[in-house]
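The block underneath contains the structure these notes are about, expressed in structure tokens.
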Amino acid sequence: MNSKPKQNNHLTFNEHCYELLLKIPKGRVTTYKAIAQALNCKAYQAVGNAMNQNPNPISVPCHRVVNTDGRLGGYAFGSDRKIELLTEEGIVVQDGKVQNFKTVFFDFTE
DNA sequence: GGAATGACATTTA
DNA sequence: CTAAATGCCATTC
């Protein structure tokens, strides 16, 4: 019948990215690419865009996301803030880059 | 419906 | 290795 579930589940990439981010354990970081791959997509930039809007910067640890090179992409609150947060998590950040990146890197496919 | 944007990635010079 | 240019995808105006 008329059950028109026109419920726009409009789960945007944004929401999906948050789900993955929430799966990241403390002291670990991930890359935009890993998130996109986890979604079976290559919207590397789309993922970053989702964070840029940052609808809930507190419900989601967007500061655990870095570039594939282990470099800190950026942060809506400021890259400095991101470094501080990561450092507090136990991640070593130097020269704006994550040390032992491969060690703290969290892969969703794992 | 299309143009513009962006917290990227990849390749080449 | 660093720098520049190009490509990609989704969201927003």
Side-chain angles (χ1 to χ4, degrees):
Chain A
M1 306 257 217
N2 140 42
S3 13
K4 234 177 166 211
K6 248 230 161 140
Q7 258 74 215
N8 233 3
N9 279 3
H10 222 229
L11 274 224
T12 54
F13 250 68
N14 198 313
E15 291 293 327
H16 280 283
C17 292
Y18 303 151
E19 292 277 309
L20 295 172
L21 293 177
L22 295 170
K23 288 163 148 191
I24 302 174
K26 175 175 149 236
R28 285 244 144 73
V29 293
T30 187
T31 67
Y32 298 97
K33 189 180 174 173
I35 296 170
Q37 280 197 342
L39 299 175
N40 263 320
C41 285
K42 295 164 206 191
Y44 317 123
Q45 245 184 357
V47 175
N49 262 357
M51 305 292 147
N52 189 330
Q53 299 176 48
N54 221 352
N56 8 18
I58 35 188
S59 301
V60 182
C62 0
H63 61 267
R64 282 183 193 154
V65 188
V66 296
N67 289 7
T68 51
D69 296 335
R71 254 206 176 134
L72 304 182
Y75 199 53
F77 281 76
S79 313
D80 296 320
R81 186 78 181 166
K82 189 170 181 176
I83 294 168
E84 288 286 310
L85 289 166
L86 291 173
T87 302
E88 290 290 307
E89 294 281 316
I91 297 172
V92 184
V93 182
Q94 205 148 85
D95 194 38
K97 296 178 296 202
V98 177
Q99 301 304 307
N100 316 332
F101 172 57
K102 276 194 129 193
T103 306
V104 297
F105 173 61
F106 177 80
D107 197 343
F108 297 99
T109 62
E110 280 183 23

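Throughout, a chain's letter reflects where its sequence line sits, starting with A, and its residues are numbered from 1.
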### Query
Lys97(A) NZ to dC1(C) C1': how many Å, rounded?
11 Å

### Task
Hey, could you give me the CD1/CZ distance between Ile35(A) and Phe13(A), rounded to the nearest 0.5 Å?
10.5 Å

### Between dA4(B) (C1') and Asn52(A) (CG): distance, integer Å
14 Å

## Note on the structure
Whole-Å distance, Asp69(A) CG to dC1(C) C1', equals 12 Å

## Note on the structure
Note: with side-chain heavy atoms under 4.5 Å as the link, the other cluster members for Tyr75(A) come out as Phe77(A), Leu85(A)

### Task
Report yes if at least one side-chain N or O of Gln53(A) is closer than 4.0 Å to OP1 or OP2 of dT11(C); otherwise report no.
no

### Task
Round to the nearest Å and state the distance from Leu39(A) atom CG to dC9(C) atom P.
14 Å

### Query
What is the distance from NZ of Lys33(A) to C1' of dC9(C), rounded to the nearest Å?
14 Å

### Euclidean distance, atom CZ of residue Phe13(A) to atom P of dA7(B) [Å, nearest integer]
17 Å

### Message
Categorize Tyr75(A) for me: base, sugar-phosphate, or nothing, with a 4.0 angstrom heavy-atom threshold over every strand shown.
### Response
base

### Atom-to-atom span, CG of Asn40(A) to P of dC9(C) - whole angstrom
13 Å

### Query
Got a second to check how far Phe108(A)'s CZ is from Gln37(A)'s CD, nearest 0.5 Å?
11.0 Å

### Task
Would you mind classifying the nucleic acid contact of Ala43(A) as base, sugar-phosphate or nothing, using non-hydrogen atoms under 4.0 angstrom?
sugar-phosphate

### Task
Report yes if a side-chain nitrogen or oxygen of Lys42(A) is closer than 4.0 Å to either non-bridging phosphate oxygen (OP1 or OP2) of dC8(B); otherwise report no.
no

### Query
Could you give the CG-to-C1' distance, from Asp95(A) to dT2(C), as a whole number of Å?
13 Å

### Task
Measure from the side-chain heavy atoms of Asn54(A) and tell me the nearest of dA7(B), dT11(C), dA9(B).
dA7(B)

### Query
Has the side chain of Tyr32(A) got a donor or acceptor that lies under 3.5 Å from a partner of the other kind on the base of dA7(B)?
yes

### Summary
Against the side chain of Thr68(A), the closest entry in dA10(C), dA7(B), dT10(B) is dT10(B)

### Query
Using a side-chain heavy atom cutoff under 4.5 Å and only I, L, V, M, F, W and Y, what cluster partners does Phe101(A) have?
Val29(A), Val66(A), Leu72(A), Ile83(A), Leu86(A), Ile91(A), Val93(A), Val98(A), Val104(A), Phe105(A)

### Message
Between Thr31(A) and Asn49(A), which residue's closest nucleotide on DNA chain B lies nearer the 5′ terminus?
### Response
Asn49(A)

### Query
Looking at dT10(B), dC9(C), dA9(B), which one has an atom nearest to any side-chain atom of Gln45(A)?
dC9(C)

#### Entry: Note: Asp95(A)-Lys97(A) ion pair, threshold 4.0 Å (strictly below)
yes

